[in-house]
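This structure is a prediction, so every number in the text was calculated from the model and none was measured.
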Amino acid sequence: MAKRSVKRRMNQGEFNTDHYRDEESKVRALFPDHVRYDPDQADRIAEKNRDQRYTKNIKPRSEGQGELIKAIETRNLVMALGPAGTGKTYLAVAKAVEALEKGEVGRIVLSRPAVEAGESIGYLPGALEDKLAPYLRPLYDALSDRLSPKKLKQLMSEGMIEIAPVGYMRGRTLNNAFVVIDEAQNCTFGQLKMLLTRLGWHSTMVVTGDPQQSDLLPEMSGLGDIADRLSALEDVSVIRLGQEDIVRHPLVACMLDVL
């Protein structure tokens with residue numbers, strides 16, 4: 001019955017064939033001709049597409065950030081000093097993830113002193129990882145912005161990404177690793193000396209901190225003294241970022257002018 005009605009409309013000129021030709025032109029093959037569908041690769045293709053949005057190319061937003069990125073790419077030891085909001089930690093973690101994905105290093109080691117910001121929060125419940133989680137949260141946030149949650153969890157379970165407090169770094173030799181020491185202004189001179197001497201073969205170390213925001217007594221922080229001494233070495237880059245490199249809310253730079 002339907003076929004006869006279609007033939008009748010075609011004979012009477014009522015059937016719009018151009019409309020159906022246009023509809024057919026909109027049909028596309030699910031897989032291009034040069035791509036052969038393999039059911040065994042379906043899960044891998046889907047997983048790759050799922051993580052694709054986490055692939056980001058970083059670019060400097062100021063001259064100071066450009067110098068920092070160039071220093072990380074060309075030096076094995078870089079010290080990034082500057083006020084809050086200049087992207088010190090984010091750029092260091094981003095370059096660490098980039099180096100790991102390119103196979104330039106075998107693992108990432110992130111370390112941070114477990115020091116409260118001016119007030120004691122007391123004893124925390126749980127295992128060691130639970131007690132240290134609040135102190136290491138900024139590093140997790142930076143990693144989560146560069147990797148998908150599944151990929152981050154997998155790399156951490158395999159030991160390719162390690163987050164450890166400063167107190168557990170003594171006696172180690174970090175070979176074939178990208179090491180980031182965050183909030184170094186809360187480290188003493190002795191702690192920083194211990195951390196810097198952990199550097200092993202085929203490794204890169206980036207030390208970040210703001211000497212003006214130390215949670216230690218002024219005479220206890222060793223970041224400024226260490227940076228002044230290492231700036232005399234040719235193979236060490238000491239990058240000093242300023243208020244013009246702040247990429248947070250514009251009020252942050254304004255507040256730092258008066259605080």
Is there a side-chain contact (heavy atoms from CB on, under 4.5 Å) between Arg172 and Leu195? Walk through the geometry before answering.
CA-CA 9 Å; Arg172 303 184 61 182; Leu195 291 170; over 6 Å; no
Run the numbers on Arg75 and Thr204 for side-chain contact (heavy atoms from CB on, under 4.5 Å), then give the verdict.
CA-CA 7 Å; Arg75 294 288 188 270; Thr204 298; over 6 Å; no
Val247 and Ser62: CA distance, side-chain angles, deciding distance, side-chain contact (heavy atoms from CB on, under 4.5 Å) verdict
CA-CA 9 Å; Val247 293; Ser62 67; 5.6 Å; no
Please determine whether side-chain contact (heavy atoms from CB on, under 4.5 Å) holds for the pair Asp210 and Leu81, giving the CA-CA distance in whole Å, both sets of side-chain angles, and the decisive distance to 0.1 Å.
CA-CA 6 Å; Asp210 180 8; Leu81 282 65; over 6 Å; no
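With hydrogens and angles ignored, the 3.5 Å screen pairs no side-chain donor or acceptor of Glu162 with any backbone N or O of Val109. Remark: side-chain polar atoms of Thr173 are not paired, donor with acceptor, to backbone N or O of Gly200 under 3.5 angstrom. Proximity of a side-chain donor or acceptor of Asn76 to a complementary backbone N or O of Ser203 within less than 3.5 Å is detected. Looking at Arg198, its side chain never comes within 3.5 Å of a backbone N or O of Leu174 through a donor-acceptor pair. Side-chain N or O atoms of Asp182 include none that pairs as donor or acceptor with a backbone N or O of Arg112 at under 3.5 Å. A donor-acceptor contact shorter than 3.5 Å links the side chain of Ser111 to the backbone of Ala164. Between the side chain of Ser214 and the main chain of Pro211, no donor-acceptor pair closer than 3.5 Å is present. Of the possible donor and acceptor atoms, one in the side chain of Lys88 sits under 3.5 Å from a partner among the backbone N and O of Gly82.
With sequence neighbours excluded, no residue satisfies side chain to side chain donor-acceptor pair (under 3.5 Å) with Lys59.
Looking only at side-chain heavy atoms (C-beta outward), Ile226 and Met79 come within less than 4.5 Å of each other. No side-chain heavy atom of Phe178 sits under 4.5 Å from any side-chain heavy atom of Ile161. Within the 4.5 Å cutoff, the side chain of Leu196 has heavy atoms near those of the Val207 side chain. Here the side chains of Thr89 and Pro138 are not in contact, with every heavy-atom distance at 4.5 Å or above. Side-chain contact check for Tyr90 versus Ile58: some heavy-atom pair is nearer than 4.5 Å. Using a 4.5 Å heavy-atom threshold, the side chains of Val166 and Met194 count as touching. In this structure, Val180 and Ile108 have side chains that are not in contact, with every pair of non-hydrogen atoms separated by 4.5 Å or more. Taking the side chain as every heavy atom from C-beta outward, Ile163 and Leu143 approach each other to under 4.5 Å.
For residues 224-237, the side-chain hydrogen bond (donor to acceptor under 3.5 Å, both in side chains) pairs, not counting sequence neighbours, are Asp225-Arg229, Asp228-Arg240.
Closest heavy-atom contact between Gln191 and Cys187: OE1-CA, 3.2 Å. Shortest non-hydrogen contact noted between Arg248 and Ala84 is NH1-CB, 3.7 Å. Pairing each heavy atom of Ser144 with each of Leu152, the nearest pair is OG-CD2, 3.8 Å.
Cluster membership check: Ile72 shares its hydrophobic cluster with Leu110, using side-chain heavy-atom separations under 4.5 Å among Ile, Leu, Val, Met, Phe, Trp and Tyr. Ile181 and Val238 fall within a single hydrophobic cluster, where Ile, Leu, Val, Met, Phe, Trp and Tyr side chains are chained together by heavy-atom contacts under 4.5 Å. Linking ILVMFWY residues whenever their side-chain heavy atoms come closer than 4.5 Å, directly or via other members, places Leu230 and Val179 in the same cluster. Linking Ile, Leu, Val, Met, Phe, Trp and Tyr whenever their side-chain heavy atoms come within less than 4.5 Å leaves Met205 and Val105 in two separate clusters. In the hydrophobic cluster analysis, where Ile, Leu, Val, Met, Phe, Trp and Tyr join through side-chain heavy atoms closer than 4.5 angstrom, Tyr140 is grouped together with Val93.
For the atom pair Arg170 CZ and Thr197 OG1, the distance stands at 8.0 Å (nearest 0.5 Å). Between atom CE of residue Met156 and atom CG of residue Leu147 there is a gap of 10.5 Å, rounded to the nearest 0.5 Å. To the nearest 0.5 Å, atom CG of residue Leu223 and atom CZ of residue Phe189 are 11.5 Å apart. Going from atom CG of Leu68 over to atom CD of Glu63 covers 14.0 Å, rounded to the nearest 0.5 Å. In this structure, the separation between NZ on Lys151 and CZ on Arg146 is 12.0 Å, given to the nearest 0.5 Å. Rounding to the nearest 0.5 angstrom, the gap separating the CG atom in Leu199 from the CG atom in Leu77 is 6.5 Å.
No side-chain donor from either of Asp245 and Thr86 sits under 3.5 Å from a side-chain acceptor of the other. In this model, no donor atom of one side chain and acceptor atom of the other lie less than 3.5 Å apart for Gln65 and Glu67.
Note on Lys95 versus Glu98: salt bridge recorded, some NZ/NE/NH1/NH2 to OD/OE distance being below 4.0 Å.
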